[in-house]
Engineer: 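The structure follows.
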Amino acid sequence: MKKLKLFVCLSALFWASGCSLDPMEPQDNLPPSAATETRSDDYFSTYDLALALIDHERSTLTTQQISDFCLELSGMMAIYPYLGPLMEYLYERTQATNFKLVLNIDSSINGRARFKLGDSYNTISFKSGEEIHGDNILEEIIHAAQFWLYGYRVMGESTKNIEFEAKLFMDIMYYQNSNNTNRLLWNINNSNGDIDSFQFVELYYSEFFTQICGNSVQRSFALDNFNFYVNVWGGEPLASYNPDFWPDMLGRFYINQ
């Protein structure tokens, strides 16, 4: 447990947030066809799965950039076991509804990448072509899956909770992958002055992360107290906080796997 806490504390030194969520105004529901349940196994590889998520007519990335995006996702699916079920879920939803992802370059965004909700498609924007890689893709893909789980209204009313859940899920995948325990990252961005990054990790996140990676009882306890840690986290200070948010993505794609 001491080693785990050391990883968490060291992580604040190496990475600050560059990926974020840009929600629409809250609406009531998912797209009308989202309730349709389906499953398809007609993709031939994880690369093809990633390719099928993209709205190719609206996306403005070059053919090479789209290929890079899919290769990065395919590679991450190979090393992060928890990512596979989430990607399959995202694939099923996009195929059932044709509500796909538009990929583009937008130099005006804050940070390296951004996920934005839309009426008939969602958008992942990258600051530049050089940002189409690894962690930048991973967080925005997690946001895309969160959209299907929570819908417009919850995404709009719970932006801080959504961001915290996505970053926590990334940390869990990094830690659970034996090849990557030395690069455990926590996307700390405490800018509201209430508590600095190192205090948050030492006083709160280290204990919470130990619980979430523990046995079934510890994990359940951690989920029950999820919103407490979101509230004391100083990241995303202007984002909406929902004290009644339930981290269904963690339950579905981590706790219950």
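For the single chain, residues carry numbers from 1 onward in sequence order. On a predicted model such as this, the values are computed, not experimentally measured, just so you know.
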Engineer: Of the options D106, I109, I137, which is the one that meets F126 in a side chain to side chain contact (heavy atoms under 4.5 Å, CB included)?
Structural biologist: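 Answer after filtering D106, I109, I137: I137.
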Engineer: Determine the minimum heavy-atom distance between I54 and S59, stating which atoms define it.
Structural biologist: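 That would be CG2-OG, 3.5 Å.
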Engineer: Nearest heavy-atom pair of N227 and Y241: which atoms, and what distance?
Structural biologist: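 Taking every non-hydrogen atom into account, O-OH, 3.1 Å.
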Engineer: If only side-chain N and O atoms count, and only distance matters, is there a donor-acceptor pair under 3.5 Å linking E130 with S128?
Structural biologist: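 Looking only at side-chain atoms, E130 and S128 do form a donor-acceptor pair, the distance falling under 3.5 Å.
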Engineer: At their closest point, which heavy atom of D248 faces which heavy atom of Y150, and how far apart are they?
Structural biologist: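 Of all heavy-atom pairs spanning D248 and Y150, the closest is N-OH, 2.9 Å.
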Engineer: Using 30° and 60° as the class limits, which term best fits the ring planes of F115 and H143: parallel, tilted or perpendicular?
Structural biologist: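 Geometry flag for H143 against F115: tilted rings.
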Engineer: Taking all non-hydrogen atoms of both residues, which atom of H56 and which atom of L51 are closest, and how far apart?
Structural biologist: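 Heavy atoms only, the tightest pair is NE2-O, 3.1 Å.
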Engineer: Going through the distances and angles, do F99 and W148 end up as a ring pair (Phe, Tyr, Trp, His ring centres under 6.0 Å)?
Structural biologist: CA-CA 10 Å; F99 198 97; W148 288 110; 5.6 Å; yes
Engineer: Compare all side-chain heavy atoms of L83 with those of M173 and state whether any distance is below 4.5 angstrom.
Structural biologist: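 Yes - at least one pair of side-chain heavy atoms lies under 4.5 Å apart.
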Engineer: Starting at CG of N215, measure out to CZ of F221 and round the result to the nearest 0.5 Å.
Structural biologist: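 Reported to 0.5 Å precision, the distance equals 12.0 Å.
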Engineer: So do the side chains of I172 and F209 get within less than 4.5 Å of each other, counting heavy atoms only?
Structural biologist: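 Side chain of I172 against side chain of F209, heavy atoms only: contact under 4.5 Å found.
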Engineer: From L90 CG over to Q146 CD, what is the distance, rounded to the nearest 0.5 angstrom?
Structural biologist: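 Spacing of CG (L90) from CD (Q146) equals 11.0 Å.
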Engineer: Within the side chain of S158, is there an N or O that forms a donor-acceptor pair under 3.5 Å with the backbone of M155?
Structural biologist: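 Answer holds: no.
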Engineer: Looking at F228, I want to see if its CZ is surrounded by more than 12 non-hydrogen atoms of other residues, nucleotides or ligands under 6.0 Å.
Structural biologist: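 Atom CZ in F228 is crowded, with more than 12 foreign heavy atoms closer than 6.0 Å.
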Engineer: Is it the case that the side chains of E165 and N161 hold a donor-acceptor pair, with the cut-off being a distance below 3.5 Å and no angle test?
Structural biologist: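 Absent: no donor and acceptor within the cut-off.
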Engineer: Looking only at atom types and distance, does a side-chain atom of T46 sit under 3.5 Å from a main-chain N or O of G75, one as donor and one as acceptor?
Structural biologist: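 No, because the side chain of T46 does not come within donor-acceptor range (under 3.5 Å) of the backbone of G75.
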Engineer: Looking at every non-hydrogen atom in both residues, tell me the closest pair between G156 and S240 and how far apart they are.
Structural biologist: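 Heavy-atom minimum between the residues: O-OG, 3.0 Å.
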Engineer: Atom OH in Y89, atom CE in M249: separation rounded to 0.5 Å?
Structural biologist: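 Rounded to the nearest 0.5 Å, the OH-CE separation comes out at 11.0 Å.
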Engineer: Give a yes-or-no answer on whether the side chains of E157 and N242 include a donor-acceptor pair shorter than 3.5 Å.
Structural biologist: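 Checked: E157/N242 side chains show no N/O donor-acceptor pair below 3.5 Å.
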Engineer: Tell me yes or no: between the side chains of Y121 and N98, is some donor less than 3.5 Å from an acceptor?
Structural biologist: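 Checked: Y121/N98 side chains show no N/O donor-acceptor pair below 3.5 Å.
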Engineer: Students often mix this up, so state it plainly: with edges at 30° and 60°, are the rings of Y82 and F169 parallel, tilted or perpendicular?
Structural biologist: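 Tilted: the ring planes of Y82 and F169 meet at 30° to 60°.
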Engineer: With side-chain contact (heavy atoms from CB on, under 4.5 Å) as the criterion, how do L117 and T123 come out once you've worked through the C-alpha distance, each side chain's angles and the decisive distance to 0.1 Å?
Structural biologist: CA-CA 7 Å; L117 299 175; T123 303; over 6 Å; no
Engineer: State which residue, out of R114, R112, K167, fulfils the salt bridge (charged side-chain N to carboxylate O under 4.0 Å, His left out) condition with E139.
Structural biologist: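 Passing option: K167.
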Engineer: Would you sort out whether F208 and F200 count as a ring pair (Phe, Tyr, Trp, His ring centres under 6.0 Å), showing the intermediate values?
Structural biologist: CA-CA 11 Å; F208 176 65; F200 175 74; 8.9 Å; no
